[in-house]
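Quick caveat: nothing in here was measured; it's all calculated off a predicted structure. Position 1 is the first residue of the sequence, and the numbers go up from there. We count ligands from 1, going down the list as the structure has it; atoms in each ligand are counted the same way. Both backbone and side-chain heavy atoms feed into the values below; hydrogens, waters and symmetry mates do not.
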Amino acid sequence: MKEECGVFGIFNHPEASRLATLGLHALQHRGQEAAGIASWGSHGFCRRVGLGLVSSVFDRRKLSALSGHLAIGHVRYATAGRGGVRNAQPLVAQSFWGKMALAHNGNLTNSGELKRRLQRRGVRFTSSSDTEVILRALSLERGDLSGALRRVLAAVRGAYSLVVATPQALMAVRDPKGFRPLCLGSYGESYLVASETCAFDLIGAQYLRDVAPGEILRLDSGGLSSSYLEEAVRRSFCVFELVYFAKPSSRAGEASVYQVRRQMGRELAREAPVRADRVIPVPDSAVVHAEGFAEESGIPFAMALIRSHYVGRTFIEPRQSIRDFGAKLKYAVVREAVCARRVVLVDDSIVRGTTCRKLVRLIYDAGAREVHLRIGSPPITHPCFYGIDTPTQKELVASRLSVEEIRKFLGVESLAFLSVEGMLRATGKTPEDFCTACFTGQYREDGERIRSQLDASRSAKLCAS
Ligand code: SF4
C-alpha cells in the first residue's frame, strides 16, 4: 500500500511559494515521485515541477521564480497514469478565468469514460493522469468558478480532494463522500489548505477545520466563502488514513491520528491478548499501535527493530547464501532486546506478507524464543479504487489464505488481526462515516462497476488456469 498524494494551497501571502515548499516538505510522506508548485503574482504566473523529493526539486533559483501571493503545490505518488514529469502536478490550462492550475489527491473511477467524452469534443490531453479530465472539462466552462466546478464535478465519480487556482482565487474542493482528507488553516491574514495539518504545524499556521465532504471553499480578496456540490451523502472517510497513511502528528478526518492509532493498539490488546516479555513495533508506521498495545497489556515496549532511512534502491542481486538481504538492509534487530524472550511483534497491516515474513525470520535469528504477531487493522482482502495504490486482489495474502494459513506462511507462534468493529470503535466516531472497502469489499462509490471489474478479473484468471 503506497501513500497517494498531498496537496497544499495558500492565498494572500507575499511568500506564498516558500510557505508552499515548507508545506510540501511536511506532506512528503504522501508522495515521493514528483513535486510541483504553481504561483500567481504581479509578475504573472509561474509553475515549476520535477521528479523526486521536494528538497531535490526546489532550489533557490526555482523558488525565486515562483513569486506571488497565491500558490498551490503537490507531492505525487502515481495512483493513476504513469510516472514521469508530464504527469507531475499542479497541471495547468488556459481558461475563461486566465491561467488555471489544479492539484489532486484521490482517484477517479470514471475518468476513462469522461476522457473519451471530452476527446469527442476535440479536447487534447497532454498527460495520462486522471486529474487532467477535471482540468480540461473546467477549461471549457464560463461564468462563476464555483458554479463551473459544480457542473464539472457532477459527472465525476470517485475520490478527490482538489486545490484549484486562478489569478483571482484559490478553491478547495472535497468529493461528496470525503474519501481523502483536506484541512483549512489560517496564518495571519492568509488562508491555507492542506491534505494534513502537519503542513500547518511546520509553518506555525492555525488549524481551523476540515473542508467538509462535498464543500467548495473559495478564498479570494473578499475573504472566505463556502458552497456545496450536492446535498449531504453518506460520508466515507478512508479509515486507512488513520491506520497507516497520515502522520501521527496530524489531524485527519477530524481526529487526532496519534490518539486513534494508539486506541487501535489498545483494542487489539483487548481482543487478542498474549503472554509475552516484550512488545516490538515494526517501525515507523506501527510504533503508535505498539505503544497502545503495550499500555493495555502491561507488557514492556522495546524498539528492537531499527529501520534505516538511508536505503535507496539496490542493484545487488542477493544470492541464496545472503537471503533476506533486502530486509537486513532496511531493518536491524537489537539482539539484547529479543534474545531468549517471547516477543509480540506489532504491525499496522499486512499486504503481501513478504516483508513481515522476513522480519519474523530476522527476530528468530536474533534469538527470540517465541514471536507472536498482532496486526493493528483487519485483513486486507480487496484493492482500493479511491486513491491508494494497492496490489491486485490475488496478490493480497488475506484474499487467498485464512488467518491460520497466513500464520503458517509467516512462521509465527500466533497471529491475530484487529476486527473491523474494533478498528472503527478506536476512531471514536460514527462507524458508518468510514470507507472500509479494502477490509470488507463494501465499495461505496461506483460499487457495481468495481465489483464487476473484480469479477471479470477473477473469471479471466479462472479461464486462464
Ligand atoms: S478502500 Fe481502503 S484504502 Fe481505499 S479509501 Fe477505502 S479504506 Fe481507504
Side-chain angles (χ1 to χ4, degrees), residues 1-7 29-31 77-80 104-111 130 156-162 174-182 195-196 210 213-214 233-247 250 252-255 257 260-261 264 285-286 289 347-352 375-399 417-427 429-454 457:
M1 305 280 267
K2 288 271 170 52
E3 295 94 338
E4 343 76 273
C5 297
V7 297
H29 61 289
R30 298 183 71 87
Y77 176 80
T79 51
H104 171 209
N105 171 205
N107 197 185
L108 311 184
T109 52
N110 65 339
S111 59
D130 59 343
V156 170
R157 300 278 166 269
Y160 53 85
S161 282
L162 302 172
R174 220 168 144 209
D175 67 73
K177 292 195 171 70
F179 282 103
R180 309 258 67 91
L182 193 60
S195 295
E196 288 180 38
D210 279 22
V233 291
R234 193 176 177 195
R235 288 175 175 231
S236 302
F237 184 66
C238 170
V239 75
F240 220 82
E241 290 276 355
L242 298 172
V243 170
Y244 171 74
F245 292 121
K247 258 191 196 169
S250 285
E254 296 173 331
V257 176
V260 171
R261 229 168 257 179
M264 285 172 179
S285 50
H289 290 94
D347 206 349
D348 53 85
S349 54
I350 291 188
V351 182
R352 291 184 176 88
I375 305 297
S377 62
I380 300 171
T381 51
H382 289 73
C384 175
F385 292 83
Y386 308 133
I388 304 298
D389 185 49
T390 35
T392 59
Q393 191 170 18
K394 65 175 190 281
E395 291 173 289
L396 297 168
V397 69
S399 79
F417 292 82
L418 181 61
S419 66
V420 172
E421 296 73 26
M423 173 179 69
L424 294 173
R425 210 167 29 244
T427 66
K429 307 263 171 204
T430 316
E432 290 73 32
D433 285 353
F434 289 94
C435 172
T436 58
C438 49
F439 305 113
T440 59
Q442 289 164 12
Y443 294 99
R444 290 181 174 191
E445 174 79 356
D446 253 359
E448 232 163 82
R449 182 204 302 251
I450 289 169
R451 276 186 290 276
S452 66
Q453 264 180 36
L454 289 175
S457 66

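With S377, C435, C384 as candidates, the residue nearest to atom 4 (Fe) of ligand 1 on a non-hydrogen basis is C384. Proximity annotation for atom 3 (S) of ligand 1: of T440, T436, I388, I388 comes nearest, heavy atoms only.
Rounded to the nearest 0.5 angstrom, S236 OG and D175 CG are separated by 8.5 Å.
K247 pairs by the salt bridge (Lys or Arg N to Asp or Glu O under 4.0 Å) definition with nothing, not counting sequence neighbours. For the side chain to side chain contact (heavy atoms under 4.5 Å, CB included) test, residues two or more places apart in sequence or in another chain that qualify with T427 are V239, L242, V260, K429, F434.
A donor-acceptor distance shorter than 3.5 angstrom exists from the side chain of R261 to the backbone of V243, with no hydrogens or angles considered.
For atom 2 (Fe) of ligand 1, the set of nearby N, O or S atoms under 2.8 Å includes one belonging to C438.
Residue contact check: F240 has heavy atoms under 4.0 Å from atoms 3 (S), 8 (Fe) of ligand 1. The ligand atoms of ligand 1 that sit less than 4.0 angstrom from a heavy atom of C238 are 3 (S), 5 (S), 7 (S), 8 (Fe).
The aromatic rings of F240 and F245 lie tilted to each other, with the angle between the two planes from 30° to 60°.
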